[in-house]
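Letters go in sequence order (proteins before strands), and every chain restarts at 1. These numbers come from the heavy atoms of this one structure, side chains and all, not from hydrogens, waters or symmetry mates.
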Number of protein chains: 2
Amino acid sequence: MSGTNKRRITSKELAKLAGVSSATISRAFSPDSRIGRATRERILAVAREYGYQPNAIARSLNNQRSRLVALVVNAIGNPCEAEEQQLLVHRLQARQLLPIILCCADHSDRLQLMRLASTYQVDHVVIFSDMVSMQDAVDIFHTTKPIIVSFEPLENENVSSIRIDGSKAADEIIDKIVRDGKKRFAYLSGTNSSWIDKLRRGWFAEALAKRGLTFEAQAVGDYSYDSGFKEAVLLMHRDKVGAIICGNDVMAIGARDAARRVLGKSTPDDIAIVGQDGIAMAAWDCNDLTTLSLDHVAFIDAVVELIERHDAGIDGPHSITLTCTPRWGSTA
Amino acid sequence: MSGTNKRRITSKELAKLAGVSSATISRAFSPDSRIGRATRERILAVAREYGYQPNAIARSLNNQRSRLVALVVNAIGNPCEAEEQQLLVHRLQARQLLPIILCCADHSDRLQLMRLASTYQVDHVVIFSDMVSMQDAVDIFHTTKPIIVSFEPLENENVSSIRIDGSKAADEIIDKIVRDGKKRFAYLSGTNSSWIDKLRRGWFAEALAKRGLTFEAQAVGDYSYDSGFKEAVLLMHRDKVGAIICGNDVMAIGARDAARRVLGKSTPDDIAIVGQDGIAMAAWDCNDLTTLSLDHVAFIDAVVELIERHDAGIDGPHSITLTCTPRWGSTA
DNA sequence: CTCCTCTGTGTAATCGTGTGCACAATTCAC
DNA sequence: GTGAATTGTGCACACGATTACACAGAGGAG
């Protein structure tokens, strides 16, 4: 039981020990299969004694079902994704699904990594990263039925997707800032090449347009605190903007710190700063960010629902749309 | 190539298409095996055309080598672990190893989950969580040769471990605070039941004892910002302490916010606050925490080195010790 | 020219489970 | 008491790749 048995015992060996065939061993571990009650109990007892557990690799090969799920993410540490990752991992584990994390900075490495994961016959793929194109995903995981991608607006019959709509929340936030008298707006992107960035900026741009305004300045960071800090200094100093809409909460926190420490400005009077995501840290007392927030639980519920439809074999593409709400803090 | 081939092509089918045997297919994908140059190139071309990739599950079954690594963590979002997780995941992926994340709040669920992962014949296990006892780990993964556990001070021949020594850094920090005139110290634990908490507290307690001092107050949080905030209010209000040593950086940030917002105290003059971990967020301008910090890169280097010794088949237990250094901020 | 080495490929066994089929034993219906 | 339905178990194959062994042919040494 405890101790260092170097090699794991197999079902055939256990069969010999229990005086049955290996088929019967297998049945003892399959909840609904024809097997005598007494036999099963005896087998389970012997199995416990010798520390036997069916080999999931062999089972997967036979089943054509690995119970592995690939999660493609931009980063593990980044708080805006981390909360969702954490929730999803818990939900998967509750379903006896094991998550494999794919996380890569470089683009070609990422594709390579996705190819490697597809080799492991993962049952599902959840793509959190906006750095991978839908076409690449479909090509690489062509065998894993439709894929679940978050955000991307394109239609593709082999992909299930989750759409986010933040236009109403963005409108409310812009409304407040404009009524506070701000006129010059800047948008601070997290990256210049992703559709999610374009999408988010679009919500705010539309809200501004409705009021005859536009973004007077733009900047591009990398979703990090440091980049938020640095770019905000430039935007305030050089472009004299009165409001900065940031691509995520972490950059917004950096921007707020820059306003306070470098330029001695306070929010929301001197400058308005808005984040996006609604991470827990945004609600910390030291931050108290105004942000366009997405309900993470609802988001993950949606992912899990898509996975379940998948498992149930309901085919065709599926799509779920979620709407954002504002979180009002002291920065706008 | 692109498109929705529902079923993945097998090596036997590809063999027929290429006019060779399936053994030759296999050889074409094994870098150093006896095969004609021309044959290999032809096979690889046909494979590309039909989107063939060897099935890693089948290969694992045959090889007795899954190239999967189980990472047991307390939480994914928690910044103090996240940076290390991120680093490790990258390093593993560079070695073509795939990480499976095991993350569970409840204790019995966690053991269940570890049993499930062991079923997948993982090649290595890295335990970041201080919530799992070494004995449980050895019992569950008895087949995975020695396991890698971080921190735990116990000796066990089936486990490789990484030890952390923060006593010297703690001494330097306490020295500074005492010279600043502080007399009443409190320790704010992240959990009351783990050896890592005892270990960390011990470093500071020892440094205090050397100076004839002791912790006058104690509190227990849960490593979260909120718990740091709440407990710090009590410690300052009720116990009138002049310094709080926190179990991690996130609680220290909460404590610092509590001092500033609830009690109107400023650091380090009114109160000294010390964190532990040295996460990136501690260095953000809005936090600027004094903290006992561990070099994450060195830490992960050590983990990877243990994994490599493992792979090389060097058996016996291995142990690596790392020392912490202070990071000086404006909170102590 | 003969023998020997080396290269390239096919055959067949193996890794550990799951499951359709066959068959014996038991139970049930009438 | 006989035929039919049900239950419990074993046999054998499949899942998809790797690899030891065998063998044919090419090339080199003498």
Side-chain angles (χ1 to χ4, degrees), chain A residues 5-44 46-47 50-68 96 116 118-123 143, chain B residues 5-44 46-47 50-68 96 116 118-123 143:
Chain A
N5 320 25
K6 271 308 177 204
R7 211 172 53 73
R8 195 176 283 268
I9 192 176
T10 75
S11 81
K12 208 170 292 181
E13 295 169 311
L14 190 70
K16 204 158 289 177
L17 289 168
V20 294
S21 80
S22 76
T24 305
I25 300 291
S26 170
R27 285 191 263 259
F29 282 88
S30 308
D32 32 44
S33 78
R34 293 200 328 205
I35 184 178
R37 213 179 119 80
T39 315
R40 163 172 284 152
E41 280 173 8
R42 182 163 48 90
I43 289 177
L44 290 184
V46 182
Y50 289 92
Y52 170 81
Q53 292 269 107
N55 181 327
I57 296 289
R59 170 187 290 162
S60 300
L61 179 60
N62 186 299
N63 277 353
Q64 310 279 56
R65 190 127 190 290
S66 65
R67 305 198 73 83
L68 296 174
Q96 309 278 313
L116 177 59
S118 88
T119 282
Y120 277 79
Q121 321 294 84
V122 292
D123 288 343
T143 180
Chain B
N5 320 26
K6 271 305 174 202
R7 213 172 52 74
R8 193 176 284 270
I9 193 178
T10 74
S11 83
K12 207 171 294 182
E13 294 169 312
L14 190 71
K16 203 159 291 177
L17 290 168
V20 295
S21 79
S22 75
T24 304
I25 300 292
S26 171
R27 286 191 265 258
F29 283 88
S30 307
D32 32 44
S33 73
R34 293 199 329 204
I35 184 177
R37 212 180 120 80
T39 315
R40 162 172 283 150
E41 278 171 10
R42 183 163 48 89
I43 288 178
L44 290 182
V46 181
Y50 288 92
Y52 170 82
Q53 292 268 105
N55 181 326
I57 296 288
R59 170 187 290 161
S60 300
L61 179 60
N62 185 294
N63 277 351
Q64 312 278 56
R65 191 127 191 291
S66 66
R67 304 198 74 83
L68 296 173
Q96 308 279 308
L116 177 59
S118 88
T119 283
Y120 277 79
Q121 321 294 83
V122 293
D123 288 343
T143 181

J.: Return no unless some side-chain N or O of B:Y52 is found under 4.0 Å from OP1 or OP2 of D:dA17.
T.: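 Answer yes for this pair, as a side-chain N or O of B:Y52 is under 4.0 Å from OP1 or OP2.
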J.: Return the value, rounded to whole Å, for the distance between atom CG of B:L14 and atom P of D:dA17.
T.: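 Going from B:L14 (CG) to D:dA17 (P), I get 9 Å.
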J.: Search all heavy atoms of A:R8 against all heavy atoms of B:Q121 and return the closest pair with its distance.
T.: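 Answer, listing the atom of A:R8 first, then B:Q121: NE-OE1, 3.3 Å.
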J.: Quick check: on DNA chain C, is the nucleotide nearest A:N62 upstream (toward 5') of the one nearest B:G36, or the reverse? Name the residue that is more 5'.
T.: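 Closest to the 5' end, via its nearest nucleotide, is B:G36.
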J.: How would you give the extent of chain B contacts on DNA chain C, as first and last nucleotide 5' to 3' within a 4.0 Å heavy-atom cut-off?
T.: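 Result: C:dT7 to C:dG16.
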J.: Roughly how many Å is it from CZ in A:R42 to P in D:dG8, rounded to a whole number?
T.: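 It is 14 Å, rounded to the nearest whole Å.
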J.: Name the nucleic acid region contacted by A:Q53, choosing base, sugar-phosphate or nothing; use a 4.0 angstrom heavy-atom cut-off, strictly under.
T.: sugar-phosphate
J.: Distance from B:R67 atom CZ to A:T119 atom OG1, nearest 0.5 Å?
T.: 12.0 Å
J.: How far does CD of A:Q64 sit from CG of A:D123, to the nearest 0.5 angstrom?
T.: 10.5 Å
J.: Of B:A23 and B:Q121, whose nearest nucleotide on DNA chain C comes first from the 5' end?
T.: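 Nearest-nucleotide comparison on DNA chain C picks B:A23.
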J.: Considering every strand and a 4.0 Å limit on heavy-atom distances, what is the contact class for B:T10: base, sugar-phosphate, or nothing?
T.: sugar-phosphate
J.: Can you work out whether B:L61 or B:R27 has the more 5'-proximal nearest nucleotide on DNA chain D?
T.: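 Going by which nucleotide is closer to the 5' end, it is B:L61.
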J.: Rounding to 10 degrees, work out the angle separating the end axes of the helix from C:dC1-D:dG30 to C:dC30-D:dG1 (five pairs an end).
T.: 30°
J.: For the residue pair A:I35 and A:T24, establish whether any side-chain heavy-atom pair is separated by less than 4.5 Å.
T.: yes
J.: What is the distance from CD1 of B:I25 to P of D:dG16, rounded to the nearest Å?
T.: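 Whole-Å distance recorded here is 15 Å.
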J.: How many whole angstroms separate atom CD of B:Q64 from atom C1' of D:dA17?
T.: 13 Å
J.: Without decimals, in angstroms, what is the distance between B:N63 CG and D:dA17 P?
T.: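 Atom CG in B:N63 sits about 12 Å away from atom P in D:dA17.
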J.: Looking for any heavy atom pair under 4.0 Å, which part of the strands does B:T24 touch: base, sugar-phosphate only, or nothing?
T.: sugar-phosphate
J.: Tell me what B:R34 touches on the nucleic acid: a base, only sugar-phosphate, or nothing, going by heavy atoms under 4.0 Å.
T.: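 The answer is base, as B:R34 lies within the cut-off (heavy atoms under 4.0 Å) of a base atom.
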J.: With rounding to the nearest 0.5 Å, note down the distance linking OG in B:S66 to CD1 in B:I57.
T.: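 The distance works out to 8.5 Å.
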J.: Would a 4.5 Å heavy-atom cut-off, applied to side chains only, mark B:S11 and B:L14 as touching?
T.: no
J.: Which value, rounded to the nearest 0.5 Å, describes the distance between B:T10 atom OG1 and B:Y50 atom OH?
T.: 13.0 Å
J.: Enter the distance from A:S22:OG to A:E13:CD here, rounded to the nearest 0.5 Å.
T.: 11.5 Å
J.: Between A:S60 and A:Y120, is any pair of side-chain heavy atoms under 4.5 Å apart?
T.: no
J.: Applying a 4.0 Å non-hydrogen cut-off, can you work out what B:T39 is touching in the nucleic acid: base, sugar-phosphate, or nothing?
T.: sugar-phosphate
J.: What is the distance, rounded to the nearest whole Å, between atom CZ of B:R37 and atom C1' of D:dA26?
T.: 19 Å
J.: If we only count heavy atoms from C-beta on, is the A:V20 to A:I25 side-chain gap below 4.5 Å?
T.: yes
J.: In this structure, how many angstroms lie between the C1' atom of D:dA17 and the CZ atom of B:R65, rounded?
T.: 16 Å
